[in-house]
*Asks:* 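What follows is a structure written as structure tokens; I'll ask about it next.
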Amino acid sequence: MFNPQKIEKKWQRIWQKEKIYETNLEKAKKPFYNLMMFPYPSAEGLHVGNMYAFVGSDIYGRFKRMQGYDVFEPIGLDGFGIHSENYALKVGTHPAKQAKISEKRFYKQLQMIGNSFSWDKRLETYDPEYYKWTQWIFIQMFKNGLAYRKKASVNWCPSCKTVLADEQVINGRCERCSNNVLKKEFEQWFFKITKYAERLLKNLDKIDWSEKVKIAQRNWIGKSEGALIKFPIKLHKARISRGSKTNRGALADLPQPASVEVFTTRPDTLFGATYLVLSPEHPLLQISILNLIKNSKEVKNYIKKTKGKSEEERIAEGKEKTGVELKGIKAINPANKKEIPIFVADYVLASYGTGAIMAVPAHDQRDFEFAKKYKLPIKQVIVPQNIRVNPRIYQRESALSEAYEGEGVLINSGRFNGLPSEKARWLITKFVGGKKKNQYHLRDWLISRQRYWGPPIPIIYCRKCWENLNSKSKNQKLKLKEGIDYTVFDGKEYIIHPVPEKDLPVKLPFVKDFRPTGKGVSPLASVKSFYEVKCPVCGSKARRETDVSDTFLDSAWYYIGYLILGNQKSKSKIENWKLKIENSPFSSPVIRKWCPVDMYIGGAEHAVLHLLYSRFLAMVFHDLGIIHFEEPFSKFRAHGLLIKEGAKMSKSKGNVVNPDEYIKKFGADILRMYLMFLAPFEYGGDFRDAGILGIKRFLERVWRLSKEMSLRAKRSNLRDKKIASGYCPRNDYLLDRLLHQTIKKVTEDIENLRYNTAISALMILFNEIEKNKESIVNSQWSMFLKLLAPFAPHLSEELWQQLRTQNSKLKTFRSIHLEPWPTYDPKLIEEEKFELVIQINGKARDKVLVEVNISQKEAENIALSREKIKNWVGNKEVKKIIFVPKRLINIVV
Ligand SMILES: [Zn+2]
Ligand SMILES: [Zn+2]
């Protein structure tokens, strides 16, 4: 009886004992880094969707190992951070305690599925040995001006009680808890990812990644080519004439020169700009300008009202646009020198361009809607090329029902009339003294979190150092940059110092009340023994930063972490490295050998989170000379998603498949194969209980046949010898050809992650093997087992070992998973022979193997010369012969 549970436990034990999946990181000759996104324990355990992803990655790794590569397939837990902390909060356990529970639970599940993980080199991101490097990275970022503090309007999740990066807000909601995210003004730590926007974009062309992930990154980085154009500002005449001298004085207070700079991707429509819009956060809307306008109270109220709205809410399509005109001042359209009104409106975001736009209602739908509402002029300046009018005389102010946003020919644009819009862009920009400019949607990565469960940000603030500097020359003081060299708390300046590397890690203290405070500070801010610290420079009393870093920083470098922590020799202490980054374990020979990652598999939902952050950090490390490569993952494939009986799995629907139950009932091999059989791995699949039985029956048949064959072991051995001496029984040719065709198919399918069709090919092959079980030889059977090995690792190991012990007296263990992957004979596949069925009066009487292009005459000769046929025909007269090429010959007598 096939008892998967019994053999699976046995082989898992033996594999671990024999360390067959433990790669020697230093000595490996053909390194292949096969990485799967490590799980984050945000629930009780792994669900079947996780298993789906892990198995898919493992099949590829096993395949590469059999192809002769030294495959490194590590595993760990992304257990630091908000997701794990939220789960700990939910179940009411301290996160440190919960981490130990999750470790046990997750690792047990990951063992059960039978993946070829390198367990010796596992890591957890909350291990101080690991996060000292996370902190070290923060320090390198800071020292190189890529980490800075800034007060900004940021995303605040009222439920998680922390700020979030833009990437972690999905459709206005928190990526973790799905609550609506608010905007709040906070001073926070940022990583300067925007500095790498262009390179992050360009390099996408160089890497072999799932196209949908590349598209998502391109969109997120959001490059737009355009121009910066200045609109001079003017106090309204009436205002000046009525006003006193103080008003003229106030004009002088305007930021000089008194103008508003806008970013536009369509400078060709400049003549159609009929008003200007400032975002509520625009620097011009500071006190100075509010004093100059007539309706400052109204404007102030409006600005106040928009503060509570999320960016998504503000720019949502179809939403009614609101705004207030700044009465008493005007802007001047630099193209036609016309005075145009200035509005403040929240559909313009501070984060886009300069935080101000020129509104061209005829050619931008949002501006159009706004202009309609506030009865502002709509002036057409572009007409579609196919309009049959001379654009020079096309002056009709047609009643547009919507904006025309396409390209075309210019009208109403002075000397630019008649030019194609694309050509006019740069000419008009030049005409008004504007500048070409690329704009990106990407914002800097907000890295600080007001939470407990994460690596403390390794920064110290010192007031004394500020005072010491202050007593020195004025010049020196002026060189300090706010946010990089110093910061301000409660109106007092503090110098920012990184924690000296030798003092890493800054350990996260055990804090009983770890719950988020909601006051904009981490729970660590109430732990005096933690935040009170000696200044590393002057030795006086200083303050530690009490925020922790974003969990996505932990995972942005873990693929290097496996190699550093997994390799004892590079586990050097920080004190030993003379503080030079070239000597860091990040540039050790082991990293050179294994990085970048050869194959990375994970979820597409991480496209603009983990996958973007990892690329950014690798580029920074590369530029700082820390690592030798700038793209972390040479190949990335996104796996598909699993659904259940046509519906998305969710707890509320109660249709979440718990893999443990299935492993208990069917064993890992059956579950693995079933998951992979559903659909192409990159598509995902629909999990149906009925379907798994088909795979169960298939593997049971494999098991039974193997048992039958071992009974005939001796005979099989004999046949093997016959083959060696050149004897080839008739059936072996066809079976061999199918076998070789299957090797080709399975090899190509696995390479392309088409596991489902690889499994069907194995099933077809097995059917033929079963039919020919009398003549099947060991060499053929062992090839089948090898092809099956990545999919059903336990069963194939068991049957392979049975075959081995039959064949030889060898007692040393050698796993099937270290056997060479079968190769096919291209000649055997090409050399087309087929089995010609010979019929007498429509009844099959004989079969013979013949060349595929055999002529009717040749087929007749062969058929009639067969002993069997001669007997059937006897003395009868052959009346007719029917020949069906590639199939049969029918002799009518
Ligand atoms: Zn949240
Ligand atoms: Zn100091």
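All of these numbers come straight from a predicted model, not from anything done at the bench.
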*Asks:* Is there a side chain to side chain contact (heavy atoms under 4.5 Å, CB included) between Asp78 and Glu124 once you walk through the steps?
*Replies:* CA-CA 6 Å; Asp78 189 9; Glu124 296 83 33; over 6 Å; no

*Asks:* Can you tell if the side chain of Lys464 reaches within under 4.5 Å of the side chain of Asn468, non-hydrogen atoms only?
*Replies:* yes

*Asks:* Does a sphere of radius 6.0 Å around NZ in Lys195 hold more than 12 heavy atoms from other residues, nucleotides or ligands, not counting ones at 6.0 Å or beyond?
*Replies:* no

*Asks:* Show your reasoning for whether salt bridge (charged side-chain N to carboxylate O under 4.0 Å, His left out) applies to Glu631 and Lys206.
*Replies:* CA-CA 9 Å; Glu631 282 294 340; Lys206 290 197 269 180; over 6 Å; no

*Asks:* Side chain to side chain contact (heavy atoms under 4.5 Å, CB included) between Leu25 and Lys121: does it pass, once the steps are laid out?
*Replies:* CA-CA 10 Å; Leu25 294 178; Lys121 300 169 187 78; 3.8 Å; yes

*Asks:* Just jot down the side-chain hydrogen bond (donor to acceptor under 3.5 Å, both in side chains) partners of Thr487, sequence neighbours excluded, or say none.
*Replies:* Arg149, Glu187

*Asks:* Apply side chain to side chain contact (heavy atoms under 4.5 Å, CB included) to the pair Ser42 and Ser84, showing each step before the final yes or no.
*Replies:* CA-CA 5 Å; Ser42 62; Ser84 301; 5.9 Å; no

*Asks:* So, do Phe106 and Leu77 sit near enough that their side-chain heavy atoms are less than 4.5 Å apart?
*Replies:* yes

*Asks:* Quick check: Tyr559 with Trp594 (ring centres under 6.0 Å apart)?
*Replies:* no

*Asks:* List in chain and number order the residues that pass side-chain hydrogen bond (donor to acceptor under 3.5 Å, both in side chains) with Tyr613, two or more places apart in sequence or in another chain; answer none if no residue qualifies.
*Replies:* Glu167, Gln168

*Asks:* Using 30° and 60° as the class boundaries, would you call the ring planes of Tyr40 and His606 parallel, tilted or perpendicular?
*Replies:* perpendicular

*Asks:* With a sphere of 6.0 Å drawn around CZ of Arg515, does it hold more than 12 non-hydrogen atoms of other residues, nucleotides or ligands?
*Replies:* no

*Asks:* Does Arg544 qualify as a cation-pi partner of Phe530, given the criterion of NZ or CZ under 6.0 Å from the six-membered ring centre and within 45 degrees of its axis?
*Replies:* yes

*Asks:* Answer with yes or no whether the side chains of Glu501 and Gln140 bring together a donor and an acceptor at under 3.5 Å.
*Replies:* yes

*Asks:* Take Thr517 and Lys519 through the side chain to side chain contact (heavy atoms under 4.5 Å, CB included) test and state the conclusion after the steps.
*Replies:* CA-CA 5 Å; Thr517 64; Lys519 291 171 196 147; 3.9 Å; yes

*Asks:* Kindly state whether the ring of His94 and the ring of Phe514 have centres lying under 6.0 angstrom apart.
*Replies:* yes

*Asks:* Charged N to carboxylate O below 4.0 Å: is that the case for Glu281 and Arg314?
*Replies:* yes

*Asks:* Is Glu26 paired with Lys593 through a side-chain N to carboxylate O contact shorter than 4.0 Å?
*Replies:* no

*Asks:* For Tyr600, is the NZ or CZ atom of Arg637 found under 6.0 angstrom from the centre of its six-membered ring and inside 45 degrees of the ring axis?
*Replies:* no

*Asks:* Any side-chain heavy-atom pair from Val499 and Ile459 closer than 4.5 angstrom?
*Replies:* no

*Asks:* Heavy atoms, side chains only, cut-off 4.5 Å: are Ile601 and Met37 in contact?
*Replies:* no

*Asks:* Got Ser549 and Ile457 here, is their nearest side-chain heavy-atom distance under 4.5 Å?
*Replies:* yes

*Asks:* Could you check Asp623 against Arg199 for salt bridge (charged side-chain N to carboxylate O under 4.0 Å, His left out), going step by step and ending with a plain yes or no?
*Replies:* CA-CA 12 Å; Asp623 291 357; Arg199 202 147 125 219; 2.8 Å; yes

*Asks:* Is the closest basic N to carboxylate O distance between Glu532 and Arg543 below 4.0 Å?
*Replies:* no

*Asks:* Around Lys97, counting heavy atoms of other residues, nucleotides and ligands shown, do more than 12 lie under 6.0 Å from its NZ?
*Replies:* no

*Asks:* Would you say that Met36 contacts Phe38 through its side chain, given a criterion of any heavy-atom pair below 4.5 Å between the two side chains?
*Replies:* no

*Asks:* For a ring pair (Phe, Tyr, Trp, His ring centres under 6.0 Å) with Trp557, tell me which candidate from Tyr130, Phe621, Tyr131, Tyr562 qualifies.
*Replies:* Tyr130

*Asks:* Pairing donors with acceptors under 3.5 angstrom, does anything connect the side chains of Thr125 and Asp554?
*Replies:* no

*Asks:* Once you measure the plane-to-plane angle for Phe636 and Trp209, does it fall in the parallel (<30°), tilted (30-60°) or perpendicular (>60°) bin?
*Replies:* tilted

*Asks:* Identify whether the distance between the nearest side-chain nitrogen and carboxylate oxygen of Asp550 and Arg449 falls below 4.0 Å.
*Replies:* yes

*Asks:* Quick one, Leu46 and Phe54 - any side-chain contact, counting heavy atoms below 4.5 Å?
*Replies:* yes

*Asks:* Which ring pair (Phe, Tyr, Trp, His ring centres under 6.0 Å) pairs, counting each pair once, include a residue from residues 178-205, with sequence neighbours left out?
*Replies:* Phe138-Trp189, Phe138-Phe191, Phe142-Trp189, Tyr148-Phe190, Trp156-Phe186, Phe191-Trp445, Tyr196-Phe616

*Asks:* What orientation do Tyr461 and Phe489 show, parallel under 30°, tilted 30 to 60°, or perpendicular over 60°?
*Replies:* perpendicular

*Asks:* Please step through salt bridge (charged side-chain N to carboxylate O under 4.0 Å, His left out) for the pair Asp205 and Arg218, ending with a clear verdict.
*Replies:* CA-CA 11 Å; Asp205 299 334; Arg218 273 191 202 109; 3.4 Å; yes

*Asks:* Got a second to check how far Trp220's CH2 is from Leu609's CG, nearest 0.5 Å?
*Replies:* 8.0 Å

*Asks:* I'd like to know whether CD of Glu185 has more than 12 heavy-atom contacts from other residues, nucleotides or ligands below 6.0 angstrom.
*Replies:* yes

